[in-house]
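Here the structure is laid out as structure tokens; the discussion comes afterwards.
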Amino acid sequence: MTKDESMARTPQFDTIAIHAGQEFDPTTGAVIPPIYQTSTYVQESIGHLRGGYEYSRGGNPTRTVLETLLAALEGGKHGLSFASGLAAEDTILRALLAPGDHVVLGNDVYGGTHRLINRVHGAWGIRNSTVEMSDLAAVEEAIIPGGTKVLWVETPSNPMMKVSDIAALAEIGHRYGVTVIVDNTFASPALQHPLDFGADVVVHSTTKYLGGHSDVLGGALIINDDELAEKAQFLQFAAGPVSAPMDAWLTVRGIKTLSVRMDRHCSNAQAIAEHLQGHPAIDRVYYPGLPSHPGHELAKKQMSGFGGMLSISFIGGAAAARSFAESTHLFQLAESLGGVESLVNYPSEMTHASVRGTELEVPDNIIRLSVGIEDVADLIDDIDRALAAH
């Protein structure tokens, strides 16, 4: 070992986000890896590929950069990139489940996740049960020995901001031979590393904080188990839900500033949550950074920050919530989250409309805020003006 090698430090998260998988282009010296906007690759001879690339559904150098980076960010062995978060979720479910199998998931998850498991995979013979993830005894009771194959954890959850104990849930799941999947979209790897707490698979909508600029659609899986990763990679190739080169490139670009963006998202959300507490129009503020939040101490233990998402419930019911959502200006009324700009969402009729009438139904007095990185004083002023308008 050389002197330089012996003195080398293990790269920290901020350095990994900028450099992992991103060597400069050897032909031109370009600092940023290029977009390989190609569908196919010339072979050296029949069966002898250049760099292992044959057809872009099977592999593309730009996607390879992103997949290498995703694995490094989460501290995992295998990263896979997809055309959307739901495409990533569908792939891992197909890799793990067969007709008759059972899934346990939280009673507060993204509506699209529940729709995928309950309606798409349900039609294929997959059963599911929803449970309060903070009640560990209830989680264990919901597991069917030999039948439950997946424990689906979302923490913090969408939109009620529930915090689940990843380590405890992983221990329960593994006791019964269940694969534990954690949706880490709300926290991002800048704030939370589920694999470190025993999770088997991490899933992301890279559309959100990883991309960070509301200009790209994508999803990701990070897996440590080689056999499971091979199954997911086969489905990625065979079914074709891959991210396009431009989308992969945009996601890599977004990830470079993830850490500094998350610092601002967190500080802005904390300030807004504290400002809203005790307001006469608001019944409750749901934000893990508040000491009053039931998951506050757990969030402190397994997260390095409390995130940029918060929800609020209005004393005036649905009418008050809808009026607020339609009265803000900097907080734009839109689906999605995690971009640099602030968004306001009415889950009952937007992101979670598909779970109305189920155990996951979101109260109609709830508003979800995706707090951006604008000046926090301007954001608070926008909120105050909307509250005063009704």
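Just so it is clear, the structure is predicted and the values come from calculations on it, not from any experiment.
Between H102 and S129, the side chains place a donor N or O and an acceptor N or O closer than 3.5 Å (distance only, hydrogens not considered). At a cut-off of 3.5 Å, with distance as the only test, no side-chain donor of E274 or Y287 sits close to an acceptor on the other residue. For S164 and T155, the side-chain atoms include no donor-acceptor pair closer than 3.5 Å. For the residue pair S157/D108, the side-chain donor-acceptor check at 3.5 Å is satisfied. No hydrogens or angles considered: a donor-acceptor pair under 3.5 Å links the side chains of S214 and E341. Side-chain atoms of Y209 and N184 include no donor-acceptor pair closer than 3.5 Å. Side chains of N107 and E359: a donor-acceptor N/O pair is absent below 3.5 angstrom, by distance only. When only modelled atom types and interatomic distance are considered, E361 and S348 share no side-chain donor-acceptor pair under 3.5 Å. A donor atom on one side chain and an acceptor atom on the other are found under 3.5 Å apart for D226 and H78. Side-chain contact of Y53 with T38: a donor-acceptor pair under 3.5 Å is absent, judged by distance alone. For E374 and S342, the side-chain atoms include at least one donor-acceptor pair closer than 3.5 Å.
Taking the side chain as every heavy atom from C-beta outward, E89 and L116 approach each other to under 4.5 Å. In this structure, M309 and H265 have side chains that are not in contact, with every pair of non-hydrogen atoms separated by 4.5 Å or more. The shortest distance between side-chain heavy atoms of L387 and H279 falls below 4.5 Å. By the 4.5 Å heavy-atom criterion applied to side chains, C266 and F306 are not counted as neighbours. Annotation: side chain of I92 is in contact with side chain of I223 (closest heavy-atom distance under 4.5 Å). Residues L210 and H204 meet the side-chain proximity criterion, which asks for heavy atoms closer than 4.5 Å. Considering only heavy atoms from C-beta on, I282 stays 4.5 Å or farther from I315 through its side chain. Contact annotation: the side chain of L93 approaches that of W152 to within less than 4.5 Å [non-hydrogen atoms, C-beta and beyond].
In this pair, F13 and H193 present their aromatic rings perpendicular. The plane angle is above 60°, beyond the 30 to 60° band. Between H352 and Y110, the ring planes lie perpendicular to each other; the angle is over 60°, past the 30° to 60° tilted range.
Contact detail for I367 and A321: the closest heavy-atom pair is CD1-O, 3.3 Å. Counting all heavy atoms, side chain and backbone alike, I380 lies closest to A271 at CD1-O, 4.4 Å. Across R127 and G100, no two heavy atoms sit closer than the pair NH2-O, 2.6 Å. When every heavy atom of I18 is checked against every heavy atom of Q22, the shortest pair comes out as O-NE2, 3.3 Å. Closest of all the heavy-atom pairs between P241 and A87 is CB-CB, 3.8 Å. M133 and G106 make their closest contact through CE-N, 3.4 Å (heavy atoms, listed as atom of the first residue, atom of the second, distance).
For D381, the side chain to side chain donor-acceptor pair (under 3.5 Å) partners two or more places apart in sequence, or in a different chain, are R385. D382 is linked by a side chain to side chain donor-acceptor pair (under 3.5 Å) to nothing, counting only residues two or more places apart in sequence or in another chain. Residues satisfying the side chain to side chain donor-acceptor pair (under 3.5 Å) criterion with T28, sequence neighbours excluded, are D25.
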Verify side-chain contact (heavy atoms from CB on, under 4.5 Å) between V103 and L97, making sure each step is shown before the conclusion. CA-CA 9 Å; V103 177; L97 301 172; 3.7 Å; yes
Step-by-step ring pair (Phe, Tyr, Trp, His ring centres under 6.0 Å) determination, F314 to F324: CA-CA 9 Å; F314 284 79; F324 174 84; 5.3 Å; yes
Give the C-alpha distance, both sets of side-chain angles, the deciding distance and a yes or no for side-chain hydrogen bond (donor to acceptor under 3.5 Å, both in side chains) between S56 and Y41. CA-CA 8 Å; S56 274; Y41 308 84; 2.7 Å; yes
Can you list the steps and then say if R264 with S267 is a side-chain contact (heavy atoms from CB on, under 4.5 Å)? CA-CA 5 Å; R264 177 64 72 84; S267 63; 4.0 Å; yes
Take V371 and L310 through the test side-chain contact (heavy atoms from CB on, under 4.5 Å) and record every step on the way to the result. CA-CA 8 Å; V371 181; L310 64 93; 4.1 Å; yes
Report the C-alpha distance between V42 and R50 in whole Å, list the side-chain angles of each, state the deciding distance to 0.1 Å, and finish with yes or no for side-chain contact (heavy atoms from CB on, under 4.5 Å). CA-CA 8 Å; V42 174; R50 299 174 190 271; 4.3 Å; yes
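R94 CZ: 12 or fewer foreign heavy atoms inside a 6.0 Å radius. Shown here is E335, whose CD atom has more than 12 heavy atoms of other residues, nucleotides or ligands within 6.0 Å. For H174, the NE2 atom is densely surrounded, since the number of other residues' heavy atoms within 6.0 Å is greater than 12. More than 12 non-hydrogen atoms from other residues, nucleotides or ligands lie less than 6.0 angstrom from CD of E326. A 6.0 Å sphere centred on CD of E44 holds more than 12 heavy atoms belonging to other residues, nucleotides or ligands. Around the NZ atom of K300, the shell of radius 6.0 Å holds no more than 12 heavy atoms that belong to other residues, nucleotides or ligands. Counted within 6.0 Å of CD on E230, heavy atoms from surrounding residues, nucleotides or ligands total 12 or fewer; the atom is thus considered open.
Atom OG1 of T113 and atom CG of L105 lie 8.5 Å apart (nearest 0.5 Å). Note: L217 CG to T206 OG1 = 7.5 Å, rounded to the nearest 0.5 Å. For the atom pair CG of L73 and CD1 of I222, the computed distance is 8.0 Å after rounding to the nearest 0.5 Å. To the nearest 0.5 Å, atom CZ of residue R119 and atom CG of residue N128 are 12.5 Å apart. The CD1 atom of I366 sits 6.0 Å away from atom OG of S311, with the distance rounded to the nearest 0.5 Å. Between atom NE2 of residue H293 and atom CG of residue L298 there is a gap of 10.0 Å, rounded to the nearest 0.5 Å.
Salt-bridge formation is not detected for the pair E154/K162: no Lys NZ or Arg NE/NH1/NH2 atom is positioned less than 4.0 Å from an Asp or Glu carboxylate oxygen. Of the charged side-chain nitrogens involved, at least one lies within less than 4.0 Å of a carboxylate oxygen, so that E67 and R63 count as a salt-bridged pair. A salt bridge links R253 to D215: one of the charged nitrogens lies within less than 4.0 Å of a carboxylate oxygen.
V344 and I373 are assigned to two separate hydrophobic clusters, defined by single-linkage of ILVMFWY side chains at heavy-atom distances under 4.5 Å. The same ILVMFWY cluster, assembled from side-chain heavy atoms under 4.5 Å apart, contains both V285 and Y346. Taken together through direct or relayed side-chain contacts under 4.5 Å among Ile, Leu, Val, Met, Phe, Trp and Tyr, I117 and L86 form part of one hydrophobic cluster. V252 and L221 are assigned to two separate hydrophobic clusters, defined by single-linkage of ILVMFWY side chains at heavy-atom distances under 4.5 Å. Under the 4.5 Å side-chain heavy-atom criterion for grouping Ile, Leu, Val, Met, Phe, Trp and Tyr, V201 is connected to F82 within one hydrophobic cluster.
Both tests hold for R57 against F237: distance to the six-membered ring centre under 6.0 Å, angle to the ring axis within 45°.
The backbone N or O of D247 sits less than 3.5 Å from a side-chain atom of T251, completing a donor-acceptor pair.
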